[in-house]
Number of protein chains: 2
Amino acid sequence: MLPFTVELRTGASVYEQLVYAVQRAIVSNQLSPGDRFPSVRTLSQELRINPNTAQKVVTRLVDQGLLVVQPGVGTLVAQLPESSQKERSELLLREVEQLVVEARRLSLTFDQVVEAVQSHWIRLSEMQPTHEREQVAAEEAVSE
Amino acid sequence: MLPFTVELRTGASVYEQLVYAVQRAIVSNQLSPGDRFPSVRTLSQELRINPNTAQKVVTRLVDQGLLVVQPGVGTLVAQLPESSQKERSELLLREVEQLVVEARRLSLTFDQVVEAVQSHWIRLSEMQPTHEREQVAAEEAVSE
DNA sequence: CTAACTGTACTATTATACCTAGTACAGCTA
DNA sequence: TAGCTGTACTAGGTATAATAGTACAGTTAG
């Protein structure tokens, strides 16, 4: 049983989908800093994917600073790393623009987009693992 | 001289980049409804890409309703089409969530994300072609 | 009508990325 | 020592992107 949820769909690569699923789990505290992350072999068996694909995912997440490796021991979930100004600018320049372009293509209003962002922000804040964390008020999360 | 700007980079496919560039141009009114869209052959020559790739782009944009074809005549920029509820839901569910996950990975705040969305919304609103349109106040655009 | 443009539909080839399969090795720990 | 960990290789199969070239039907300007 893996400590996070993945739904592999067609369209994007297994690699990209798995990286995203783990990012999502960490960012929403389904995986907490210090938690053990499944081994490459466990991942590949549970998800029935190739060990190389699983390892590629781990490598990518380590590069992003979301996982840390203890050689010979295993992989742990890291603290959310400091992000560089460059990374943040890239996101705000490219991904946000793409979202805005898509939104306007679909004739959405600015307010609708902001509402959607807020809604997802709250949802991710609420995704605490049930066994060890208390609920966080939605309003508090948004104003963080 | 093409009526929109494209910068082909490595990473994404030429096809995806070109579709996005045209979407961006239409959504920001650099291309206005009724404008002639370059022919497949013109596109392929100006951008030095294969005619098939150019045609694939046109086909995709026609499917999205952003371009309309007049057989034997050419391709025109369409009115922004009605979007289906399904399309809008897909966007708000998937793309917005991906943006929120990325933003939290980089430790951005909710307010920073909203500010970035607003900034791009205004920028796209201001991108009118200089020869025929008046400036639109940024505040007005955001409240649309 | 003719010529020159338009979009569209094919076949075929090459290059790249993704995924798969299998093997091997070094480090840590019970 | 035995069994786990991450990591590093070599290969092969498949899907997609991009390339090149040819052909055809519809529209329009001359």
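Every chain is numbered from 1 and lettered A, B, ... according to where its sequence line falls, protein lines coming before strand lines. The model shown is predicted, which means the values in this text are computed figures rather than measured ones.
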Visitor: Sequence neighbours left out, cut at 3.5 Å: what donor-acceptor pairs do the side chains of residues 37-50 of chain A make with other protein atoms?
Guide:
unit_1	atom_1	unit_2	atom_2	d
Ser39(A)	OG	Arg41(A)	N	3.4
Ser39(A)	OG	Thr42(A)	N	3.0
Ser39(A)	OG	Thr42(A)	OG1	2.9
Ser44(A)	OG	Val40(A)	O	3.4
Ser44(A)	OG	Arg41(A)	O	2.9
Glu46(A)	OE2	Met1(A)	N	3.3
Asn50(A)	OD1	Asn52(A)	N	2.7

Visitor: Using heavy atoms to find the nearest nucleotide of DNA chain D for Ile49(B) and Arg41(B) separately, return the residue whose nucleotide is more 5′.
Guide: Ile49(B)
Visitor: What is the first contacted nucleotide of DNA chain C and what is the last, in 5' to 3' order, if contact means an atom lying under 4.0 angstrom from a heavy atom of chain A?
Guide: dC18(C) to dC28(C)
Visitor: Got a sec, which residues hit side-chain contact (heavy atoms from CB on, under 4.5 Å) with Ser84(B), two or more places apart in sequence or on another chain?
Guide: Lys86(B), Glu87(B)
Visitor: Residues of residues 52-70 of chain B with any non-hydrogen atom less than 4.0 angstrom from an atom of DNA chain D: list those, numerically ordered, please.
Guide: Asn52(B), Thr53(B), Lys56(B)
Visitor: List the residues meeting side-chain contact (heavy atoms from CB on, under 4.5 Å) with Arg94(B), not counting sequence neighbours, and say none if there are none.
Guide: Arg9(A), Glu90(B)
Visitor: Output side-chain donor-acceptor pairs under 3.5 Å for residues 58-72 of chain A, partner residues at least two apart or in another chain, one line each.
Guide:
unit_1	atom_1	unit_2	atom_2	d
Thr59(A)	OG1	Gln55(A)	O	2.9
Gln64(A)	OE1	Gln23(A)	NE2	2.7

Visitor: Could you tell me the separation between the CG atom of Asn50(B) and the P atom of dG21(D), rounded to a whole number of Å?
Guide: 9 Å
Visitor: Give a yes or no answer on whether the side chain of Ser32(B) reaches the backbone of Asp35(B) with a donor-acceptor pair at less than 3.5 Å.
Guide: no
Visitor: Counting neighbours of CD on Glu82(A) that are heavy atoms of other residues, nucleotides or ligands and sit closer than 6.0 Å, is the number greater than 12?
Guide: no
Visitor: Under the criterion side chain to side chain donor-acceptor pair (under 3.5 Å), which of Arg104(A), Arg105(A), Gln98(A) is the partner of Glu102(A)?
Guide: Arg105(A)
Visitor: Apply side-chain contact (heavy atoms from CB on, under 4.5 Å) to Glu115(B) and list each qualifying residue two or more places apart in sequence or on a separate chain.
Guide: none
Visitor: Atom CD of Gln45(B) and atom P of dA20(D): how far apart are they, to the nearest Å?
Guide: 13 Å
Visitor: In whole Å, I'd like the distance from the CZ atom of Arg48(B) to the C1' atom of dA18(D).
Guide: 15 Å
Visitor: Strictly below 4.0 Å, heavy-atom distances to any atom of DNA chain C: list the hits from residues 12-23 of chain A, or just say none.
Guide: Ser13(A), Val14(A), Tyr15(A)
Visitor: In dot-bracket form, how is DNA chain C paired, counting a Watson-Crick or G-U wobble pair only if both its distances are under 3.5 Å and using | for bases paired to another strand?
Guide: ||||||||||||||||||||||||||||||
Visitor: Quick one: which of Val19(A), Leu124(A), Val6(A) gives a side chain to side chain contact (heavy atoms under 4.5 Å, CB included) with Arg24(A)?
Guide: Leu124(A)
Visitor: Can you sort out the partners of Tyr20(A) under ring pair (Phe, Tyr, Trp, His ring centres under 6.0 Å), two or more places apart, ordered by chain and number?
Guide: none
Visitor: I'd like to know if Leu106(A) and Val114(A) are part of one continuous hydrophobic network [Ile/Leu/Val/Met/Phe/Trp/Tyr, side-chain heavy atoms within less than 4.5 Å].
Guide: yes
Visitor: Excluding sequence neighbours, so at least two apart, what forms side-chain contact (heavy atoms from CB on, under 4.5 Å) with Ala25(A)?
Guide: Phe4(A), Gln30(A), Leu31(A)
Visitor: Check salt bridge (Lys or Arg N to Asp or Glu O under 4.0 Å) between Arg36(A) and all other residues, then give those that pass, not counting sequence neighbours.
Guide: none
